[in-house]
Amino acid sequence: MCFASGVPRCIFYGLIWPFKKELIMSDNRTLIIQLKDFAGQQVTLSGWVYQARSSGKVQFIILRDGSGLCQCVVEKGKIPDDVFDKLEHLGQESSLTITGLVRAEPRSVGGFELAATNAQVIHATTDYPITPKEHGVDFLLKHRHLHLRSQRQWCIGKIRHTVIDAIRRFFNDNGFTLVDTPILMSAAGEEEQSLFEVDYFGSTLFLTQTGQLHLECAAAAFGKVYCFGPTFRAEKSKTRRHLTEFWMVEPEVAFIDLPGLLELAENFVSNIVSRVLQDNKPQLETLGADIAGLENIKPPFYRLTYTQAVEILRGEKTVKFMAEQLTQLSRQKETIEKRITELDTEQAGQIKQWKRDKNAAELIALRSDLDEINIKIENNPKHAKLAAEFQWGKDLGGSDETIISTMHDKPVFVTHYPREAKAFYMKTDRDNVKVVQNFDMLAPKGFGEIIGGSVREDDHDMLLKRIDEMGLKRENYDWYLDLRKYGSVPHGGFGLGVERTVAWLTGESHIRQCIPFPRMMDKVYI
RNA sequence: UCCCCGAUAGCUCAACCGGUAGAGCGGGCGGCUGUUAACCGCCAGGUCGUAGGUUCGAAUCCUACUCGGGGAGCCA
């Protein structure tokens with residue numbers, strides 16, 4: 001827990017953060033994140049009790065104020081007795097204001113602590129439902145309104161904030177114009193079955209699935225544009241990579257080809273990663289993210305064509321890779337099972353109670369690790385089979401993407417997918433009409449797709465042909481076809497999923513933790 | 001929509017081959033000048049998801065349902 005150990009700074013854009021707060025509001029409180037500038041001084045903090053321990057004459061209150069955590073030391077005799085007694089019985093998440101002397105203390109979280117001289121309880125709380133112990137997924141989602149206060153969610157929220165800020169800055173600083181595309185859409189962007197319907201004064205509209213078609217209009221007006229907002233997919237997907245409402249940023253550029261798009265995408269993603277490393281290293285550390293791996297994320301990324309990816313999947317390399325993975329998993333399984341047997345034997349004998357409890361906790365952790373490994377072991381041959389039998393022409397499945405991405409230590413572009421597997425607006429490759437000029441970007445080490453994009457079909461007649469072939473209604477696309485009638489230019493863009501990106505950066509296994517209030521299929525808590 | 005797994009105290013989990021439930025955390029009270037998910041002692045807290053069935057006896061076995069988790073398809 002060292003998220004407050006250094007003040008994250010962003011000086012590259014001429015900003016110093018924390019900003020000068022008096023510019024926007026007057027406030028006598030000091031934020032925990034500013035404590036390093038106040039060593040030896042008296043300050044007042046306001047916040048919530050994150051954790052509290054008491055040891056007779058001395059109490060330790062870990063205060064949480066939204067900017068960080070700070071240990072407040074409350075010693076009998078150095079604070080009024082009645083205040084001491086009140087603090088002693090404060091429950092988790094009680095709110096209070098506390099005054100004291102700031103001092104450096106390496107043992108303390110954040111490296112500073114507050115020697116309290118006075119305090120005022122704002123609201124005493126008991127029975128806060130989320131305890132410092134482990135909780136189940138469902139319980140935490142049902143308490144999402146409170147769970148946001150916890151350390152892990154706080155770190156993820158801070159990183160998400162940086163990711164979004166980095167996205168906006170990247171485009172704003174590179175000549176892109178923000179264009180807001182509509183959320184209520186009259187026609188489908190891609191496939192109609194995955195759209196949410198909205199009753200619109202008696203007629204039907206849909207929640208947006210992509211801003212791309214509108215963005216193409218804007219690209220012809222501004223050159224380089226992007227849109228950024230919520231996106232809705234009514235797909236009945238129940239996996240760790242899916243939400244029904246998620247945030248997507250989509251750039252669209254006039255006069256660009258596929259290599260140009262790949263270059264843009266790798267610079268864009270590298271920029272996001274370096275901003276997060278710069279601003280959020282303490283949070284990444286708290287989350288146990290792979291910081292060394294992220295420091296490696298610099299252009300150029302790997303480039304594979306779909307056909308090459310298929311060759312890899314069907315080839316010797318994948319067979320070997322999957323077998324190695326299985327061996328590794330089996331070895332892990334053996335180690336864990338051995339440890340479980342050891343502990344079980346120990347538990348059966350005569351041992352001290354505290355040792356027994358500790359063993360029980362370890363056993364629980366080991367059993368859940370074992371479950372996960374067993375699932376992977378069970379899936380391994382299935383995924384190997386899927387890969388080995390992969391037919392050219394299909395879209396890559398989740399497990400195929402995982403295999404490709406696990407083989408690489410940097411993001412991988414997979415380009416030139418079969419035309420039949422892709423949307424009507426993607427540009428047919430003129431050298432090989434069986435494929436389109438598109439790409440997916442797979443995040444490394446098994447995280448999978450975070451970007452999908454393409455060059456758009458800019459030839460009027462070819463686009464019309466695709467619309468007909470896909471069985472789409474021409475009249476819905478009149479305006480879209482117009483773009484190919486009046487000064488058509490090569491252009492393209494891509495979409496990046498914010499939650500998937502945050503999940504990759506933080507090492508979070510499920511994207512539902514990467515948005516404050518997740519919307520999942522059949523499940524919306526608050 | 002399909003496949004696999006689960007449901008026991010407020011929370012996380014135990015309870016072996018069927019004999020009507022235990023531990024930690026959290027809560028309450030007390031102890032301890034420096035703790036790091038502190039520690040120690042005491043106390044409170046359970047129709048074992050719901051409904052049937054098998055059995056002398058069911059948390060445990062069987063069936064159905066409900067809710068949840070993971071995966072597949074599809075995708076950012």
Side-chain angles (χ1 to χ4, degrees), chain A residues 1 50-62 69 71 73-78 89 91-92 105 107-109 113 115 125-143 151 190-191 193-194 209-210 231-250 344 347-348 353-354 356-361 363-365 367-368 371-372 374-376 378-379 382-383 386 394-399 401-402 421-423 440-443 448-453 494-501 503-504 509-511 521-523:
Chain A
M1 295 246 226
Y50 189 66
Q51 259 173 50
R53 289 179 288 275
S54 128
S55 179
K57 304 280 188 326
V58 61
Q59 301 171 38
F60 300 96
I61 295 173
I62 311 277
L69 295 183
Q71 172 162 282
V73 185
V74 183
E75 276 186 84
K76 195 141 199 169
K78 299 194 174 167
H89 297 283
Q92 202 185 334
E105 172 52 73
R107 286 175 295 182
S108 183
V109 59
E113 64 178 22
T125 300
T126 53
D127 298 317
Y128 184 69
I130 302 176
T131 69
K133 285 278 172 167
E134 299 256 328
H135 295 280
V137 176
D138 191 47
F139 176 83
L140 289 175
L141 284 172
K142 280 179 177 148
H143 293 82
Q151 200 46 195
E190 302 180 31
E191 299 129 65
Q193 67 270 28
S194 60
Q209 202 185 34
T210 170
T231 302
F232 306 88
R233 304 264 165 108
E235 277 150 5
K236 296 208 167 176
S237 301
K238 244 182 80 171
T239 77
R240 61 181 67 194
R241 294 144 114 108
H242 284 90
L243 295 169
T244 53
E245 177 184 307
F246 64 96
W247 282 66
M248 181 160 73
V249 58
E250 298 175 87
D344 275 340
Q347 295 292 72
Q353 187 60 43
W354 68 267
R356 187 177 296 280
D357 296 342
K358 206 170 175 181
N359 286 351
L363 277 169
I364 288 165
R367 290 208 174 100
S368 99
D371 280 352
E372 252 176 65
N374 277 330
I375 288 170
K376 283 186 190 162
E378 202 190 313
N379 282 334
K382 290 184 203 164
H383 292 172
L386 279 174
K394 283 196 317 178
D395 209 344
L396 292 179
S399 66
E401 283 180 1
T402 305
K422 288 291 164 185
D440 281 352
M441 192 181 100
L442 311 181
E449 182 178 353
I450 60 171
I451 286 183
F494 58 84
L496 172 128
V498 169
E499 290 77 16
R500 285 189 181 179
T501 304
W504 163 47
S509 65
H510 204 302
I511 65 168
M521 174 194 154
D522 294 337
K523 210 182 316 160

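These numbers come from the heavy atoms of this one structure, side chains and all, not from hydrogens, waters or symmetry mates. Every chain is numbered from 1, with letters handed out A, B, ... down the list of sequences.
- Looking at heavy atoms from C-beta onward, A/E449 lies out of side-chain contact with A/L396 at the 4.5 angstrom threshold.
- With hydrogens and angles ignored, a donor-acceptor pair closer than 3.5 Å exists between the side chain of A/E113 and the base of B/G34.
- With P as the reference atom, B/A51 and B/G69 are 24 Å apart, rounded to whole Å.
- Between the CG atom of A/L140 and the P atom of B/U12 there is a distance of 8 Å, rounded to whole Å.
- Note: CD (A/Q51) to C1' (B/U36) measures 8 Å, nearest angstrom.
- Taking 90° from 0 as the syn/anti boundary, the base of B/C17 is oriented syn.
- When side chains are defined from C-beta on, A/Q59 counts as touching A/I61, because their heavy atoms get closer than 4.5 Å.
- With both ends at atom P, the span from B/G26 to B/C39 equals 8 Å, rounded to whole Å.
- Picking from B/G10, B/G34, B/A37 the nucleotide with the shortest atom distance to the side chain of A/R107 gives B/G34.
- The side-chain heavy atoms of A/I450 and A/W504, taken from C-beta on, include a pair separated by under 4.5 Å.
- For A/D395, the salt bridge (charged side-chain N to carboxylate O under 4.0 Å, His left out) test picks out A/K422, with sequence neighbours left out.
- Using a 4.0 Å heavy-atom cutoff across all strands shown, A/E401 reaches at least one base atom of the nucleic acid.
- A/H89 places its NE2 atom 17 Å from the C1' atom of B/G26, with the value rounded to the nearest Å.
- We find that CD1 of A/I130 is positioned 15 Å from C1' of B/A37, with the value rounded to whole Å.
- Remark: A/H143 pairs with A/F139 by the ring-ring contact (aromatic ring centres under 6.0 Å, His included) rule, at least two apart or across chains.
- Side-chain N/O atoms of A/Q71 and base N/O atoms of B/U35 include a donor-acceptor pair closer than 3.5 Å.
- Under the side chain to side chain donor-acceptor pair (under 3.5 Å) criterion, A/E401 pairs with A/R241, sequence neighbours left out.
- Rounded to an integer number of Å, the gap from A/H135 NE2 to B/G10 C1' is 10 Å.
- Only the C1' atoms considered, B/U33 is 31 Å distant from B/A23, to the nearest whole Å.
- Here A/F246 packs flat against the base of B/A76; its ring centre is closer than 5.5 angstrom to the base's six-membered ring, tilted by less than 30 degrees.
- For the C1' atoms, the distance linking B/U35 with B/C40 amounts to 15 Å, nearest Å.
- Relative to the side chain of A/R53, the nucleotides B/U36, B/U12, B/A76 differ in distance, and B/U36 lies closest.
- Nearest to the side-chain atoms of A/F60 among the listed nucleotides B/U12, B/C29, B/G34 stands B/G34.
- Rounded to whole Å, the separation between the C1' atoms of B/C75 and B/G71 comes to 16 Å.
- With P as the reference atom, B/C42 and B/U47 are 25 Å apart, rounded to whole Å.
- The nucleotide whose nearest atom lies closest to any side-chain atom of A/T131 is, among B/A37, B/G26, B/G28, B/G26.
- When the P atom of B/C74 is taken as reference, atom CZ of A/R500 falls 13 Å away, rounded to whole Å.
- B/A76 atom C1' lies 11 Å from atom CD of A/Q209, rounded to whole Å.
- The side chain to side chain donor-acceptor pair (under 3.5 Å) test applied to A/H510 returns A/R512, not counting sequence neighbours.
- Closest to the A/S54 side chain, of the nucleotides B/C32, B/U12, B/A38, is B/C32.
- RNA chain B contains the following stems of three or more consecutive Watson-Crick or G-U pairs, with both distances under 3.5 Å: B:1-7 with B:66-72, B:10-13 with B:22-25, B:27-31 with B:39-43, B:49-53 with B:61-65.
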* Kindly determine whether A/F60 and A/V73 satisfy side-chain contact (heavy atoms from CB on, under 4.5 Å), including the steps that lead there. => CA-CA 5 Å; A/F60 300 96; A/V73 185; 4.1 Å; yes
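- In this structure, a donor-acceptor pair under 3.5 Å is present between the side chains of A/E250 and A/T210.
- Counting only heavy atoms from C-beta outward, the side chains of A/E499 and A/L243 approach each other to under 4.5 Å.
- A 4.5 Å side-chain heavy-atom check between A/R500 and A/M248 finds every atom pair outside the cut-off.
- Across B/C61 and B/G18, the matching P atoms stand 8 Å from one another, rounded to whole Å.
- Between B/C3 and B/U55, the two C1' atoms lie 33 Å apart (nearest whole Å).
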* **Nucleotide-resolved protein contact map, nucleotides 65-73 of chain B, B/S/- at heavy-atom distance under 4.0 Å** => ---SSSB-B
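- Rounding to whole angstrom units, NE2 of residue A/H143 and C1' of B/G10 are separated by 9 Å.
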